[in-house]
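What follows is a single structure, written as structure tokens, with notes after it.
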Amino acid sequence: MDFDKASRKALHGTEIAVLAVIAVATVVAILQEIAVMIANLEVTLADLLLLFIFLEVLAMVGIYYKSGRLPVRLPLYIAIVALARYIIIDMKGMDFWEMIGISIGILLITVSILILRYGHTRFPYTDEGASDASNVTPGQRDT
């Protein structure tokens with residue numbers, strides 16, 4: 001099964017390369033945002049929330065690199081911060097129903113996170129990665 005081993009190695013190498021590209025691109029985006037704040041001589045809440053989004057992306061890359069699993073909740077956290085940032089930036093241009101819709105979206109994502117968290121603590125993973133997951137405490141599994 002040399003083909004199987006070679007294909008797994010190639011896939012793993014591709015994963016690492018793409019993770020590196022995502023990490024470098026995120027760091028570049030962070031530096032660009034900092035440059036914009038310096039050029040404007042102003043730091044707004046929208047700027048800070050954007051930096052938090054970038055930070056969460058870097059954390060997600062780090063967790064994926066260490067564990068080999070994509071943490072499901074992190075993209076949901078990023079979505080909540082992105083929607084909050086959208087509300088903050090465009091609040092004056094939004095009508096009532098648009099604000100309600102985005103707020104309901106945030107609420108639904110929050111409920112989804114609670115359901116995922118409950119499911120992960122109540123029904124731990126038992127798939128083929130269970131031996132790898134046994135080295136990770138439940139709080140680390142998908143933070």
Side-chain angles (χ1 to χ4, degrees), residues 3-125 127-143:
F3 176 75
D4 184 46
K5 188 175 181 180
S7 62
R8 286 180 191 222
K9 198 171 196 176
L11 184 60
H12 181 69
T14 304
E15 286 178 4
I16 297 301
V18 172
L19 283 174
V21 168
I22 293 169
V24 168
T26 305
V27 169
V28 168
I30 289 169
L31 294 174
Q32 288 174 340
E33 182 62 23
I34 291 171
V36 168
M37 289 186 295
I38 291 171
N40 292 339
L41 295 174
E42 179 183 32
V43 178
T44 65
L45 183 58
D47 295 328
L48 295 175
L49 289 174
L50 186 57
L51 289 175
F52 271 113
I53 290 171
F54 292 145
L55 186 63
E56 287 294 324
V57 169
L58 282 178
M60 191 167 51
V61 168
I63 290 171
Y64 186 78
Y65 179 75
K66 284 188 338 190
S67 70
R69 292 178 182 259
L70 180 65
V72 175
R73 290 187 306 180
L74 273 180
L76 296 176
Y77 295 142
I78 293 170
I80 289 173
V81 174
L83 287 172
R85 183 178 184 274
Y86 178 65
I87 288 175
I88 290 167
I89 291 174
D90 294 336
M91 184 181 295
K92 292 178 184 174
M94 289 184 190
D95 65 0
F96 174 77
W97 289 110
E98 191 174 1
M99 289 273 276
I100 292 295
I102 294 170
S103 300
I104 289 172
I106 292 172
L107 179 65
L108 289 174
I109 294 170
T110 303
V111 169
S112 299
I113 291 169
L114 290 172
I115 290 169
L116 283 170
R117 182 66 184 139
Y118 175 77
H120 286 190
T121 56
R122 183 85 166 112
F123 308 105
Y125 294 118
D127 62 344
E128 72 276 358
S131 61
D132 295 336
S134 65
N135 297 332
V136 179
T137 61
Q140 292 176 323
R141 190 181 331 262
D142 70 329
T143 333

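Side-chain contact check for Leu76 versus Leu116: some heavy-atom pair is nearer than 4.5 Å. Residues Leu55 and Ile30 fail the side-chain proximity criterion, which asks for heavy atoms closer than 4.5 Å. At a threshold of 4.5 Å between non-hydrogen side-chain atoms, the residues Ile87 and Ile106 count as touching. Using a 4.5 Å heavy-atom cutoff, the side chains of Ile80 and Ile113 are in contact. Within the 4.5 Å cutoff, the side chain of Phe54 has heavy atoms near those of the Leu50 side chain. Counting only heavy atoms from C-beta outward, the side chains of Met60 and Ile22 never approach each other to under 4.5 Å.
In terms of the side-chain hydrogen bond (donor to acceptor under 3.5 Å, both in side chains) criterion, Glu33 has no residue partners (sequence neighbours excluded). Under the rule for a side-chain hydrogen bond (donor to acceptor under 3.5 Å, both in side chains), the partners of Tyr86 that lie at least two apart in sequence or sit in another chain are Glu98.
With values rounded to the nearest 0.5 angstrom, Arg8 atom CZ is found 11.0 Å from Lys5 atom NZ. We find the CG-CZ distance between Asp47 and Phe52 to be 12.5 Å, quoted to the nearest 0.5 Å. Ile115 contributes atom CD1, which lies 15.0 Å from atom CZ of Arg122 (distance to the nearest 0.5 angstrom). Atom-to-atom distance recorded for Leu48:CG and Met37:CE is 6.5 Å, nearest 0.5 angstrom. With values rounded to the nearest 0.5 angstrom, Leu108 atom CG is found 10.5 Å from Leu83 atom CG. One distance of note links CZ of Arg85 with CG of Leu51; it measures 9.0 Å at 0.5 Å rounding.
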Using the side chain to side chain contact (heavy atoms under 4.5 Å, CB included) rule, take Leu74 and Glu56 through it: C-alpha gap first, then chi angles, then the decisive distance, then the call. CA-CA 7 Å; Leu74 273 180; Glu56 287 294 324; 2.8 Å; yes
Distance-only criterion, 3.5 Å: show the donor-acceptor pairs between side-chain atoms of residues 9-21 and protein atoms not counting sequence neighbours.
{"from": "Thr14", "atom 1": "OG1", "to": "Ala10", "atom 2": "O", "distance (Å)": "2.8"}

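Smallest separation of non-hydrogen atoms from Val61 and Ala23: CG1-CB, 4.2 Å. Ile109 and Ala79 get closest at one heavy-atom pair: CD1-CB, 3.9 Å.
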